[in-house]
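For reference, the structure discussed in these notes is given below.
The analysis underlying the following values was restricted to heavy atoms, covering all of them including side chains, and did not include hydrogens, waters or symmetry mates. Since the structure is predicted, the reported quantities are computational estimates derived from the model, not experimental observations.
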Amino acid sequence: MDVDLRKLRYFVAVAEELHFGRAADRLHIAQPVLSRQIRALEDELKVQLFARTKRSTELTSAGRQLLDDARPLLASAEAMRRRVVQASRGPQTFTIGFMPGLTVTPAVRAFGAVHPAVEVELIRTTWIDQVEVLRDGRVDVSLVRLPIPQEGLSIRPLFEEPRVAMLPADHRLAGKPAIDIADLAGEHLLQPPDAVPEWRDIARELRTGKAKPVPEMRSVEEKLEHVAAGRGVSIIPLSVAVFYQRADVTAVPVNDIAANKVCLAWIASRRSRLIYDFADLAVTVDWTPPR
């Protein structure tokens, strides 16, 4: 049976919103139309995807499985569409994603010397979308900071760099030449605990069950605003701290945490000479950020 991608998009919207009205608004269609499309999808698959009551909409076990499978399928379809449209425009382009703190100019120059006819485009990514931009076809390769979900990706290690603690300028530890992670045991971490396992293992707020929620942040600038306001501390790569220096926040080296690993990633199933050439060049480039 062939599954209609449009119905899958409708399903994902409802699954993410868990509300037919909000999903219909997001899709810019009428709610009765959306309900009919979901019922048609359930009829085609011969399963119930949602358990609906007057008060709530919840995914069934079949719905949860379909959501897991539908997201990468839709991303792959969108990636194909982007590449086909790009190919129709004539001159070849090559798009590179890169995370904050990383300087890609040396790699772009080296690649341009080998492929002068190729137009290179750059997209700045975040912790949230550094892999998503690969899966949906926005970029050909992405300079990523581990950890990331690596299924379906080819990964080439490039370098490692130390991580530092970002503290308010008036913090008790500000100005120290270096600290241990134990010095931050009583602090509130402005990122998921698994991002800093060394802190997670000793954090007092986690042991007492009194951890405050981590605000949603999509950029380094937002994170540093929270640090400067005294709402917590954050652990970030050194190059990011150097790039985003500001007077009301200070970076302090942390002796006993793992370095951040930077890698080049691309979709493993792609067979592109440009990707392979860029990957080969990337491991020869000096990635030391300018000071």
Ignoring hydrogens and angles, write down the donor-acceptor pairs under 3.5 Å from the side chains of residues 178-185, residues two or more places apart or on other chains.
residue, atom, partner, partner atom, Å
Asp180, OD1, Asn255, ND2, 3.1
Asp183, OD2, Asp180, N, 2.9

task = Could you please spell out the steps behind the side-chain contact (heavy atoms from CB on, under 4.5 Å) verdict for Tyr10 and Ile29?
result = CA-CA 10 Å; Tyr10 290 173; Ile29 62 174; 3.9 Å; yes
For [Y], does its backbone N or O pair with a side-chain atom of [X] as donor and acceptor, under 3.5 Å?
X: Arg124; Y: Pro100; result: no
X: Arg156; Y: Val283; result: no
X: Thr284; Y: Leu281; result: yes
X: Thr125; Y: Gly97; result: no
X: Thr103; Y: Thr105; result: no

Spacing of [atom1] belonging to [X] relative to [atom2] belonging to [Y], to within rounding of 0.5 Å:
X: Lys176; Y: Thr250; atom1: NZ; atom2: OG1; value: 12.5 Å
X: Arg71; Y: Asp68; atom1: CZ; atom2: CG; value: 7.5 Å
X: Leu49; Y: Leu59; atom1: CG; atom2: CG; value: 8.0 Å
X: Leu74; Y: Arg9; atom1: CG; atom2: CZ; value: 5.5 Å
X: Gln37; Y: Arg6; atom1: CD; atom2: CZ; value: 4.5 Å
X: Asp129; Y: Met99; atom1: CG; atom2: CE; value: 8.5 Å

Take atom [atom1] in [X]; do more than 12 heavy atoms of anything else shown fall under 6.0 Å from it?
X: Arg246; atom1: CZ; answer: yes
X: Arg218; atom1: CZ; answer: no
X: Tyr244; atom1: OH; answer: yes

Is any NZ, NE, NH1 or NH2 atom of the basic residue among [X] and [Y] found under 4.0 Å from an Asp or Glu carboxylate oxygen of the other?
X: Glu187; Y: Arg172; value: yes
X: Lys7; Y: Glu42; value: no
X: Glu78; Y: Arg135; value: no
X: Arg36; Y: Asp43; value: no

Would you name the heavy atoms of [X] and [Y] that are closest together and state the gap between them?
X: Pro106; Y: Asp286; value: CG-O, 4.2 Å
X: Ile202; Y: Arg207; value: O-NH1, 2.9 Å
X: Ser142; Y: Val133; value: OG-CG2, 4.1 Å
X: Ala279; Y: Leu264; value: CA-CD2, 3.5 Å
X: Pro213; Y: His188; value: O-NE2, 3.8 Å
X: Arg163; Y: Ala195; value: NH1-O, 3.1 Å

Is there a side-chain contact between [X] and [Y], using heavy atoms and a 4.5 Å cut-off?
X: Val104; Y: Trp287; value: yes
X: Leu146; Y: Cys263; value: yes
X: Leu206; Y: Trp199; value: yes
X: Pro197; Y: Arg200; value: yes
X: Ile236; Y: Val164; value: yes
X: Val254; Y: Glu198; value: no
X: Leu41; Y: Leu66; value: yes
X: Asp140; Y: Glu121; value: no

Shared hydrophobic cluster for [X] and [Y] (ILVMFWY, side-chain gaps under 4.5 Å):
X: Met217; Y: Leu167; result: no
X: Ile148; Y: Trp127; result: no
X: Val108; Y: Leu158; result: yes
X: Val144; Y: Leu122; result: no
X: Leu8; Y: Leu18; result: yes

task = Mind running side-chain contact (heavy atoms from CB on, under 4.5 Å) on Glu132 and Arg138 for me, showing each step along the way?
result = CA-CA 8 Å; Glu132 181 182 318; Arg138 276 178 283 169; 3.1 Å; yes
ask   = Do Ser239 and Glu161 have side-chain N/O donor and acceptor atoms under 3.5 Å apart?
value =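 A donor-acceptor contact under 3.5 Å links the two side chains.
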ring-ring contact (aromatic ring centres under 6.0 Å, His included) against Phe50, all qualifying residues, sequence neighbours excluded =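 Once residues adjacent in sequence are excluded, the partners of Phe50 under the ring-ring contact (aromatic ring centres under 6.0 Å, His included) criterion are Phe11, Phe20.
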Contacts of type ring-ring contact (aromatic ring centres under 6.0 Å, His included), residue His115, not counting sequence neighbours =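 Scan of His115 (ring-ring contact (aromatic ring centres under 6.0 Å, His included), adjacent residues dropped) gives Phe111.
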query = Per the side chain to side chain contact (heavy atoms under 4.5 Å, CB included) rule, which among Val227, Val214, Leu224 passes with Ser234?
reply =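 The single option meeting the side chain to side chain contact (heavy atoms under 4.5 Å, CB included) with Ser234 is Val227.
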key: Identified side chain to side chain contact (heavy atoms under 4.5 Å, CB included) counterpart of Pro215 within the set His226, Lys223, Glu222   =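 Only one of His226, Lys223, Glu222 forms a side chain to side chain contact (heavy atoms under 4.5 Å, CB included) with Pro215, namely His226.
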With sequence neighbours excluded, residues passing salt bridge (charged side-chain N to carboxylate O under 4.0 Å, His left out) with Asp277 =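 Partners of Asp277 by the salt bridge (charged side-chain N to carboxylate O under 4.0 Å, His left out) criterion, ordered by chain and then number, come out as Arg273.
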request  = Could you list the residues that satisfy salt bridge (charged side-chain N to carboxylate O under 4.0 Å, His left out) with Arg26, not counting sequence neighbours?
outcome  =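 Here the qualifying residues are Glu16, Glu17.
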message = Listing request: all side-chain hydrogen bond (donor to acceptor under 3.5 Å, both in side chains) pairs with a residue in residues 256-267, at least two apart in sequence or in separate chains.
response =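 Passing the test, one end in residues 256-267: Arg145-Asn260.
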query = Run the side-chain contact (heavy atoms from CB on, under 4.5 Å) check on Met166 and Leu190 step by step: do they pass?
reply = CA-CA 10 Å; Met166 301 304 293; Leu190 291 168; over 6 Å; no
ask   = Between Ile96 and Val139, is a side-chain contact (heavy atoms from CB on, under 4.5 Å) present by the stated rule, with each step listed?
value = CA-CA 5 Å; Ile96 304 166; Val139 304; over 6 Å; no
